[in-house]
2 protein chains.
Amino acid sequence: MRPGRPVIMKVIAMHNFTLHTPTKVLFGKGQVAQLREQLPSDARILITYGGGSVVRSGLLAQIKQDLAGMSLFEFGGIEPNPTYETLMGAVELARAEKIDFLLAVGGGSVLDGTKFIAAAAHYDLAKDPWHILETVGGDVASAIPLGAVLTLPATGSEMNMGAVITRKSSGDKQHFFSPFVMPRFAVLDPVLTYTLPARQVANGVVDAFIHTLEQYLTYPVNAKVQDRFAEGLLQTLAEEGPKALVEPENYDVRANIMWSATMALNGLIGAGVPQDWATHMLGHEITALHGLDHAQTLAVVLPALLQAKRAQKHAKLLQYAERVWDLRSGSEEERIDGAIAATRDFFERMGIKTRLRDYGLADANIDTLVAKLAEHGMTSLGEHGDIDLAQSRHIYEAAW
Amino acid sequence: MRPGRPVIMKVIAMHNFTLHTPTKVLFGKGQVAQLREQLPSDARILITYGGGSVVRSGLLAQIKQDLAGMSLFEFGGIEPNPTYETLMGAVELARAEKIDFLLAVGGGSVLDGTKFIAAAAHYDLAKDPWHILETVGGDVASAIPLGAVLTLPATGSEMNMGAVITRKSSGDKQHFFSPFVMPRFAVLDPVLTYTLPARQVANGVVDAFIHTLEQYLTYPVNAKVQDRFAEGLLQTLAEEGPKALVEPENYDVRANIMWSATMALNGLIGAGVPQDWATHMLGHEITALHGLDHAQTLAVVLPALLQAKRAQKHAKLLQYAERVWDLRSGSEEERIDGAIAATRDFFERMGIKTRLRDYGLADANIDTLVAKLAEHGMTSLGEHGDIDLAQSRHIYEAAW
């Protein structure tokens, strides 16, 4: 083996998997009109939303009108990177009002926050619901059923069982999973995304792109369907993302992005293949400490991580270079450099800076970031579990 | 517009769709071991199977041992192209024994037959269950829940709500759909497919390939994700199919084929796009009258149909030529001819003949085939509904 060649070259078989995605998807223009028949007619429904864009756009009023006569409650103000502190207010409301259905109207943060509300409202009263995060959802035994009207394609939360929650008081950003918080239905209307600010569009596209890479850019297990589905999503996001910024009311562009983002994290492309997720873990600490948008942190960490792990990811980086970026000439190392550069360039074309220093931070606070990783047990990250704290420090430094 | 150019060139938007695939998939080697926990512990379970290969392989005995202590009943002998006549025996058994779960162990025919049993056992006693086919499932209001252990990747029936049933007495082969017959779970173990006869392997690969084409080779609606997912399945089946014939115990090959066949017809690639299905409708009549295998009829009809509809399918045929068969040089018409020839060649390499006359029929009986199409209301087929009986006759003649 030559120096710099992959440590792991052996092709191993696709892993066993269980895939269960019972969320009913209602996709397309005007599908909000089908909302009423998705809801139990006698339910006490808590509508959850974010900073008010759904109020300003009229969507919330339209939904309330469509659901006239049903028992509706409201909880607004769920912030980006939804916080335990805010969400506990909704948990109290849900318990007090005996809410038995949650309707999330918004983007991934509203969805994730609503999943926490759903699980926390049914959680053992003797325990602090933050414990749900500390146990990664393992002891969630029940949740209020929920559905979603999605307004921002990005996180895939509308068709999966995961959520990421932040605790302000301690600067923690952690995730949990539970099949009990899988949405019963998701309304995906691309038209609802026409009015999103460019920054949110860009964040969503980059987030979905990196979700795909976390499940693809690892090592080969000869899972041809999963690989090609992932490549299809990456190509589509790379083609359509920049168009969405210049043609915000192009239905096809919005529809392709919205469907890609859902498919990027509903379990399908990750079934039976190794997964990385180190970029997310390193990024979460940056958001928790410095307040960067989630997608900004990913765009900062990923290129540095790919350089650091290029030997371990050699075979898939070459496949990525060829199939997603059409890089077929030059040496293998040149093609890999080309693919990493094309990825960085794509993020920059979306308007997302790819170096920490671009975000006006006084200094990098890398000691603190690494200390938080240690505190959260993030000491063996990546598909091989070989990204230790020293390597995470190196990646943070390279991302500066 | 030049002669011979597509009649419909306008790019229209992705259609609205509802996608709901609640089947829990348990994929991989040894997953049968998880069967017991998928079943209600107090259920009266009818195990359904086919011609006895699951008896000879020991799979049925293993399942009965794994489920020891549960209330098990058996119904074997469901044939390829399962018949109403055979299945009604199981319907009577299910009613008499108050069966409340059906476990299908076999391929697409056992699955389809079990779906009919599930719906027919709950059907209005005053009506003949053949009426389920005549109403395409529209009046099915309930069904016995069912699960599956798949032994033959082909039809996708393990993760969808459709079934095709034949009535011998009248020479009819018809389909129905109902959400009530969507399997609750599907165990997909590629190892179970190692011992399949080559003919069944070939039939399965070609069936899945043509299922994909029926949802892909129509006209563009700018549905990039669906197109690329379909292309990924087509490439994978074209690569892995011939390998399965020469390396029957190659796990990766079997796994890729099995997962492709499920994905080819679980609703995913067909969501929001036009669909054709004329090849299937024309093929069904050939099976019903001449007894050819389902996949054989598709391999016979498809090349003739693509030639007949090459103007209407022009844009997608070019995309198919380039992305699936890597045909990038020559005129547009040459590339389309190349793609149709490559498709025919692929079927032949799988050992499936692509002309009716190759099957030893005395004559083509085309009058009878066309009469049966008329009887079944198949008078405006294809994605444009423009394949009338005259054009179907032409396609049958070209397929001879």
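Here is how names work: the chains are called A, B, and so on, in the same order as the sequence lines, proteins then strands, and each is numbered from 1.
Side-chain atoms of A/D252 do not come within 3.5 Å of backbone N or O of B/A223 as any donor-acceptor pair. No donor-acceptor pair closer than 3.5 Å links the side chain of A/H20 to the backbone N or O of B/T23. At least one donor-acceptor pair under 3.5 Å links the side chain of A/N256 to the backbone N or O of B/K224.
Atom NZ of B/K243 sits in a crowded spot, with more than 12 heavy atoms from other residues, nucleotides or ligands closer than 6.0 Å.
For a residue to count as touching a neighbouring chain, one of its non-hydrogen atoms must lie under 4.5 Å from one of that chain's; by this rule A/M14 touches chain B with backbone and side chain alike. A/Q235 touches chain B through backbone and side chain together, each having a heavy atom under 4.5 Å away.
Residues of residues 202-215 of chain A lying under 4.5 angstrom from chain B, judged on non-hydrogen atoms, do not exist. Proximity to chain B among residues 145-160 of chain A is not found for any residue, judged by heavy-atom separations below 4.5 angstrom.
With chain A as the partner, the residue from B/A186, B/G30, B/G28 showing the most heavy-atom pairs under 4.5 Å is B/G28. If you tally non-hydrogen atom pairs under 4.5 Å between each of A/Q226, A/M263, A/Q34, A/E239 and chain B, the highest count goes to A/E239. Taking B/V225, B/L188, B/T21 one by one and counting their heavy-atom pairs under 4.5 Å with chain A, the maximum is reached by B/V225.
The CZ atom of B/F229 sits 5.5 Å away from the CG atom of A/L268 when rounded to the nearest 0.5 Å.
With sequence neighbours excluded, no residue satisfies salt bridge (Lys or Arg N to Asp or Glu O under 4.0 Å) with A/R335. Taking B/P248 as the reference, B/R254 meet the side-chain contact (heavy atoms from CB on, under 4.5 Å) condition, with sequence neighbours excluded.
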### Query
A/Y251 and B/N222: side-chain contact (heavy atoms from CB on, under 4.5 Å), yes or no, with the steps?
CA-CA 10 Å; A/Y251 182 83; B/N222 207 359; over 6 Å; no
### Message
Would B/L19 and A/K24 count as a side-chain contact (heavy atoms from CB on, under 4.5 Å) here? Give the steps.
### Response
CA-CA 6 Å; B/L19 182 66; A/K24 180 179 181 181; over 6 Å; no
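Between B/E240 and A/R228 there is no salt bridge, since no side-chain nitrogen of the basic residue lies less than 4.0 Å from a carboxylate oxygen of the acidic one.
Aromatic ring orientation, B/F17 versus A/F27: parallel (interplanar angle below 30°, classes split at 30° and 60°).
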